[in-house]
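This one's a predicted model, so the numbers in the text were calculated from it and none came from an experiment.
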Number of protein chains: 2
Amino acid sequence: MDESCTVYQAADFIGRRWTALILLELYKGESMTRRYSELKKRIPGITPKMLSMRLRELEREGLVKKTVDASEFPVKSSYSLTKSGKDFIKIIKVLKNWALTWKLDNKLCKNAECGKCPADNL
Amino acid sequence: MDESCTVYQAADFIGRRWTALILLELYKGESMTRRYSELKKRIPGITPKMLSMRLRELEREGLVKKTVDASEFPVKSSYSLTKSGKDFIKIIKVLKNWALTWKLDNKLCKNAECGKCPADNL
DNA sequence: CGGTATCCTTTCGGATACTG
DNA sequence: CAGTATCCGAAAGGATACCG
């Protein structure tokens, strides 16, 4: 697949570490807005570098919108899903349904609500 | 996302280079069977190592079925999609539809049939 | 024909320290 | 608070040669 093809790009994208996780975290509660520090706290193990990298990628690709409140110190940043970002969630849903159908031996996914799974709300 | 979660695994999976390409190649013509050398010829640029690696992964994950005819020399191998493999194609379809909806500026995908796109038949 | 084996480069991502 | 800078090890993937 040509690297300039968005299908390829989207596939490459979702496969990167933390990306799906960040999207799902922003998806919880629909039009949720999350601060950088909230994301960091709610996504165990992610380093500041990876979080800001992924957020920049997602912003560049138009899935995430960043807003900055610089009116006072310290500066506050908020992130939320754009329309295309929300729509991207459906891809994760399809992925999950595929897994539920064909990978039933996997304990984490067998239980409709595997407490540990961030894709729980799908 | 826990690495043992199949949702994560499936995402990781589709993001790997050549994987989607191989699946799409096997999908052309529905229950198509392809020889190793056919795949190699039809997927420009793939190296023997990558092709056999990906095929092994896909087989291990149950998306691809391999059959070997060792009755004569040289040995002949054939690969085809399993049910779960065919079903996985729908994920690529959703991916493509998402791209078509939100990434219309991309010329390759804008044309409903971009001759160069292996996802053309979706 | 259908792969392996080897080597090598590039990219990814983790750890940690630091800053406006 | 919201990141950036630096360093480093691991893993992915390409090139090429070889084998049963």
Could you run through nucleotides 13-20 of chain C and give me one letter per nucleotide, 5' to 3': B if any protein heavy atom sits under 4.0 Å from the base, S if only the sugar-phosphate is that close, - if neither?
BBB-----
Lys90(A) NZ to Asn97(A) CG distance, which is reported to the nearest 0.5 Å:
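Between atom NZ of Lys90(A) and atom CG of Asn97(A) there are 13.5 Å.
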Rounded to the nearest 0.5 Å, what separation is found between the OH atom of Tyr8(B) and the CH2 atom of Trp18(A)?
8.5 Å
Taking distance alone, no hydrogens or angles, what donor-acceptor pairs closer than 3.5 Å link side-chain atoms of residues 40-51 of chain A to residues at least two apart or in another chain?
| residue | atom | partner | partner atom | Å |
| --- | --- | --- | --- | --- |
| Arg42(A) | NE | Glu25(A) | OE2 | 2.6 |
| Thr47(A) | OG1 | Met50(A) | N | 3.3 |

Could you tell me whether the side chain of [X] and the main chain of [Y] form a donor-acceptor pair under 3.5 Å?
| X | Y | answer |
| --- | --- | --- |
| Thr82(A) | Leu63(A) | yes |
| Ser84(A) | Gly62(A) | yes |
| Arg54(B) | Arg17(B) | yes |

Hey, is the side chain of Tyr79(B) poking within less than 4.0 Å of OP1 or OP2 on dG3(C), counting only N and O atoms?
yes
Measure from CG on Leu55(B) to C1' on dT4(C) and round the result to the nearest Å.
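One finds 14 Å between C1' of dT4(C) and CG of Leu55(B), rounded.
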What is the distance, rounded to the nearest whole Å, between atom NZ of Lys41(B) and atom P of dG2(C)?
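Atom NZ in Lys41(B) sits about 11 Å away from atom P in dG2(C).
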Pairwise side-chain contact, Leu81(A) with Leu58(A), heavy-atom cut-off 4.5 Å (strictly under)
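Contact flag for Leu81(A)/Leu58(A) side chains = no.
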At a 4.0 Å cut-off to heavy atoms of chain A, the contacted part of DNA chain D spans dC1(D) to dC7(D)
Please list all pairs meeting side chain to side chain donor-acceptor pair (under 3.5 Å) that have one or both residues in residues 67-79 of chain A, counting only residues at least two apart or in different chains.
Asp69(A)-Ser71(A)
Could you work out, with ring-ring contact (aromatic ring centres under 6.0 Å, His included) as the rule, every residue matching Phe88(B), not counting sequence neighbours?
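Applying ring-ring contact (aromatic ring centres under 6.0 Å, His included) to Phe88(B) gives Trp98(A).
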Angle between terminal axes - the helix from dC1(C)-dG20(D) to dG20(C)-dC1(D), 5 pairs each end, rounded to 10°:
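The end axes of the helix from dC1(C)-dG20(D) to dG20(C)-dC1(D) are about 50° apart, to the nearest 10°.
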Any salt bridge linking Lys83(B) with Asp87(B)? Criterion: basic side-chain nitrogen under 4.0 Å from a carboxylate oxygen.
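Answer for the salt bridge query: no.
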